[in-house]
Amino acid sequence: MAQNEDVFKKIISHAKEYGFVFQSSEIYDGLSAVYDYAQNGVELKNNIKQYWWKSMVQMHENIVGIDSAIFMHPTIWKASGHVDAFNDPLIDNKDSKKRYRADVLIEEYLEKQNDKIEKEVEKAAKRFGDAFDRQQFVSTNARVLEYRAKIDTVHTRFVKAMETSDLAEVKKIIEDCEIVCPVSGSRNWTEVRQFNLMFSTQMGSVSEDASTLYLRPETAQGIFVNYLNVQKTGRMKIPFGIAQTGKAFRNEIVARQFIFRMREFEQMEMQFFVRPGTEMEWFEYWKKTRLDWHLALGIPVEKYRYHPHDKLAHYANAACDIEFEFAFGFKELEGIHSRTDFDLSQHQKFSGKKLQYFDPELNENYVPYVIETSIGLDRTFLTVLSHAYCEEKLEDGSERVVMRIPGILAPIKCAVLPLVAKDGLPEKAREILSILMPDFMCQYEEKDSIGKRYRRHDAIGTPYCVTIDHQTLQDNMVTIRHRDTMEQHRIPVEKIAETLRDAIRLN
RNA sequence: GCGGAAGUAGCUCAUUUGGUAGAGCGAAAGCCUUCCAAGCUUUAGGUGGCGGGUUCGAGCCCCGUCUUCCGCUCCA
């Protein structure tokens with residue numbers, strides 16, 4: 001494990017040194033858990049996205065894509081359950097290190113005060129026997145009145161604080177009531193924090209009538225709310241899918257492990273709409289299909305595993321993750337969820353619009369069930385990077401770092417290199433470059449020895465280097481050098497494009 | 001979020017008890033011309049993460065803050 005972490009650190013610094021990933025706002029000391037993709041990283045990321053899009057949309061006649069906006073109607077997040085599920089004020093006890101819901105602590109305190117009143121009532125009832133008048137007792141007894149007044153004051157403050165989201169006041173109530181931690185018994189509390197994983201912002205420039213919008217915490221809802229539009233205008237027949245890639249935002253309390261858990265990240269999702277009752281078949285189908293997609297990248301099957309969920313989310317009746325073995329263990333890379341008709345039904349309810357499908361075979365209307373495949377683009381990027389990174393010992397004893405990125409994903413497909421920067425070789429090289437450029441991401445380099453240039457391209461995963469020498473000027477043949485094997489042979493200039501095309505084809 | 005550690009050039013790291021920062025690699029320009037990083041010359045690049053304090057004097061000591069890493073916690 002320690003060795004793995006070592007390699008992981010090397011991958012992170014390699015990613016920076018060779019222009020894959022930079023920390024966001026680095027010259028301002030950085031922004032926690034936010035990263036930028038650099039010149040090579042953006043190519044790799046775009047290639048992964050395109051590879052996913054082609055295998056999901058282009059290769060399936062019953063799947064289409066959309067690109068919905070990040071801003072959506074705020075009610076969507078009420079319907080989806082995001083607003084309610086994540087709005088708790090939390091507080092930690094510094095001594096026991098336990099975390100509590102601040103509102104629950106206060107409610108428990110109020111209950112205890114009520115219990116005290118009840119005890120007084122019981123005692124008095126025993127004392128007075130049959131003559132006891134509860135109503136009269138509670139409205140006149142000094143102690144009870146004192147408790148009652150306290151409860152009322154705290155309750156009023158509490159309700160107001162919760163309504164206005166005044167967290168400092170919530171903390172103050174806990175302090176004023178001298179509430180202690182049930183575990184440590186101490187009153188050493190942290191500040192109260194709102195645990196809401198959605199980022200919010202304002203729409204409308206005048207603050208009084210501005211409305212609160214959320215940055216979407218998942219891309220899925222953009223598909224659900226467009227379900228009917230796409231189904232009608234695309235004349236889609238069930239079963240069919242809608243795919244989308246895009247940014248999502250989560251205000252994670254702890255976001256770490258490089259680009260594995262970021263506050264701003266990109267998802268690649270596909271929601272597959274099926275006839276109710278057939279969802280488990282499709283669930284199994286997509287589990288297999290998606291794993292095959294990962295394996296097609298050439299990463300060995302041992303690096304992956306299924307992780308079925310025991311505890312299901314409120315919307316699901318089956319869920320399974322595809323996990324990848326990162327340096328820090330097996331972690332979720334993609335989720336396959338059977339979301340039932342939860343989302344569409346919720347949107348029906350909240351929007352008042354029917355989101356149904358008329359199935360001509362069954363001759364009936366129903367709300368479709370949904371199988372979701374949701375993969376993290378940044379995590380896939382990290383997977384590719386982790387698996388590609390290789391420190392290799394060569395026969396002559398020297399070492400090289402080579403990124404064995406699958407050709408279809410490599411940032412640069414081909415480096416065009418004149419053997420020496422004179423005798424007309426640069427001119428010839430640029431001539432070849434201009435032929436390749438429209439179809440392939442290429443890079444021209446003439447600085448430094450040829451060996452050094454090969455190694456530089458190994459380090460960013462360029463699968464092919466084409467070298468132009470004096471002989472080329474005579475016979476129009478170049479040396480093509482393969483990244484992984486380091487083998488080289490001569491091919492005619494006209495064959496370069498063909499070779500590259502074979503190497504980066506979608507299988 | 002809590003606890004621990006760290007932050008010096010693009011990278012890896014020096015700078016013995018506090019006395020105003022160096023190297024290697026890398027980069028750029030030029031020379032050389034050689035199919036697997038290794039030749040020569042020159043140049044650029046650091047208000048020592050940032051802010052404050054102690055001191056005649058702080059990269060070094062103290063406080064705060066930001067970021068990263070490790071552990072815990074959390075995680076539709």
Side-chain angles (χ1 to χ4, degrees), chain A residues 1-2 5-6 8-10 12-14 16-19 22-35 80-82 84-86 88 90-99 188-193 195 197-198 217-218 220-221 248 250-258 260-261 309 311-316 319 321 328 331-332 335 337 339 342-343 372 374 392 394-396 398-402 417-423 425 446-459 465-472 478-483 485-490:
Chain A
M1 197 58 180
E5 277 162 13
D6 232 40
F8 189 55
K9 277 181 187 164
K10 280 189 188 168
I12 294 171
S13 63
H14 189 88
K16 184 194 171 181
E17 209 169 335
Y18 288 91
F22 301 144
Q23 196 185 3
S24 163
S25 321
E26 202 187 76
I27 63 168
Y28 287 96
D29 287 336
L31 189 61
S32 182
V34 184
Y35 290 88
S80 69
H82 286 81
D84 293 335
F86 291 91
D88 306 328
L90 297 179
I91 191 166
D92 295 275
N93 183 270
K94 288 180 187 169
D95 297 315
S96 67
K97 316 256 183 263
K98 293 288 170 194
R99 173 169 293 166
N188 191 7
W189 297 107
T190 63
E191 294 306 304
V192 177
R193 292 173 304 267
F195 181 67
L197 92 176
M198 287 195 290
E218 63 174 28
Q221 299 304 324
R250 289 186 197 179
N251 198 3
E252 305 278 0
I253 291 180
V254 176
R256 247 192 260 170
Q257 255 116 19
F258 194 42
F260 182 79
R261 182 168 287 126
H309 287 207
K311 279 197 298 183
L312 293 171
H314 58 272
Y315 54 70
D321 291 341
F328 40 88
K331 296 283 177 191
E332 179 184 356
H337 296 167
R339 295 183 76 126
F342 176 84
D343 300 278
E372 166 188 83
S374 173
E392 200 177 66
L394 302 178
E395 281 173 18
D396 64 0
S398 65
E399 279 185 29
R400 69 163 182 162
V401 174
V402 54
L417 317 167
L419 184 61
V420 294
K422 61 170 190 181
D423 304 333
L425 298 191
E446 60 175 41
K447 175 80 181 165
D448 293 314
S449 76
I450 190 69
K452 203 163 184 175
R453 280 176 278 168
Y454 285 158
R455 296 300 172 82
R456 271 208 290 263
H457 279 280
D458 287 342
C465 291
V466 163
T467 302
I468 288 81
D469 57 19
H470 294 92
Q471 191 68 30
T472 309
V478 295
T479 305
I480 187 160
R481 182 254 193 194
H482 298 249
R483 177 193 66 199
T485 59
M486 295 173 72
E487 278 170 4
Q488 45 192 38
H489 49 267
R490 289 184 79 78

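Numbered from 1 within each chain, the chains take letters A, B, ... in sequence-line order.
The side chain of S449(A) sits closest to A38(B) out of A38(B), A27(B), C35(B). Considering only the side chain of T479(A), C35(B) comes nearest among A37(B), C36(B), C35(B). Listed nucleotides: U33(B), C36(B), A27(B). Nearest to the side chain of R456(A): A27(B).
With contacts defined as side-chain heavy-atom distances shorter than 4.5 Å, the pair H309(A)/H337(A) qualifies. The shortest distance between side-chain heavy atoms of N251(A) and M198(A) does not fall below 4.5 Å.
A residue-by-residue look at F258(A) and R453(A) shows that R453(A) has its nearest nucleotide of RNA chain B further toward the 5' end. Closest-nucleotide positions on RNA chain B for R261(A) and L31(A) were compared, and the one nearer the 5' end corresponds to L31(A).
Within the shown strands, A6(B) is the pairing partner of U67(B) under the Watson-Crick or G-U definition, both distances less than 3.5 Å. Shown here, C60(B) forms no base pair; nothing in the strands shown gives a Watson-Crick or G-U wobble contact with both key distances under 3.5 Å. Shown here, U41(B) forms a base pair with A29(B); the pair counts as Watson-Crick or G-U wobble because both key distances fall under 3.5 Å. In this structure, C13(B) and G22(B) make a Watson-Crick or G-U wobble pair, each of the two defining distances being under 3.5 angstrom.
Taking atom CZ of R455(A) as the reference point, atom C1' of C25(B) lies 15 Å away to the nearest angstrom. To the nearest angstrom, P of C35(B) lies 9 Å from OH of Y454(A). Atom pair D458(A):CG and C36(B):C1' shows a separation of 8 Å (rounding to whole Å applied). If you measure from atom CD of E446(A) to atom P of C32(B), you get 14 Å, rounded to the nearest angstrom. Summarising the geometry, the separation between NZ on K9(A) and C1' on G7(B) is reported as 13 Å, rounded to the nearest angstrom. The nearest whole Å value for the distance from the CZ atom in F22(A) to the P atom in G10(B) is 12 Å. Distance, K10(A) NZ to C69(B) P: 18 Å, rounded to whole Å. Between Y28(A) atom OH and G51(B) atom C1' there is a gap of 16 Å when expressed in whole angstrom units.
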F328(A)/F8(A) under ring pair (Phe, Tyr, Trp, His ring centres under 6.0 Å): CA gap, chis, key distance, verdict:
CA-CA 8 Å; F328(A) 40 88; F8(A) 189 55; 5.2 Å; yes
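Counting non-hydrogen atoms under 4.0 angstrom, D423(A) reaches nothing in the nucleic acid. Residue contacts shown for Q488(A) include a base, since a base heavy atom lies under 4.0 Å away. Note on A33(A): only backbone sugar-phosphate atoms sit closer than 4.0 angstrom, heavy atoms only; bases stay farther off. Among the heavy atoms of the strands, none lies under 4.0 Å from E26(A). Nucleic acid contact class of I450(A) (heavy atoms, under 4.0 Å, all strands): sugar-phosphate only. Among the atoms of the strands shown, base atoms are found under 4.0 Å from some heavy atom of T467(A).
Between the P atoms of A21(B) and G64(B), the separation comes to 28 Å (whole Å). When the P atom is compared between U17(B) and G3(B), the two are found 30 Å apart, to the nearest whole Å. Taking the C1' atoms as reference points, A6(B) lies 12 Å from G49(B), given to the whole Å. Rounded to whole Å, the P atom of C35(B) lies 34 Å from the corresponding atom of A44(B). Using P as the reference atom, C62(B) and C74(B) are 34 Å apart when rounded to the nearest Å. G39(B) sits 45 Å from G52(B) when the P atoms are compared, rounded to a whole Å.
Side-chain to base pairing of R481(A) with C36(B): one donor and one acceptor N or O lie within less than 3.5 Å of each other.
With D469(A) contributing its side chain and Q471(A) its backbone, the two residues share a donor-acceptor pair below 3.5 Å.
In this structure, K16(A) reaches the C11(B) phosphate: one of its side-chain N or O atoms is under 4.0 Å from OP1 or OP2. In terms of phosphate contacts, K452(A) brings a side-chain nitrogen or oxygen within less than 4.0 Å of OP1 or OP2 of G26(B).
Atom CG of L394(A) and atom CE of M486(A) lie 5.0 Å apart (nearest 0.5 Å).
The side chain to side chain contact (heavy atoms under 4.5 Å, CB included) test with V478(A) is passed by exactly one of L419(A), T467(A), T472(A): T472(A).
Salt bridge status for E218(A) with R339(A): present, with a side-chain N to carboxylate O gap under 4.0 Å.
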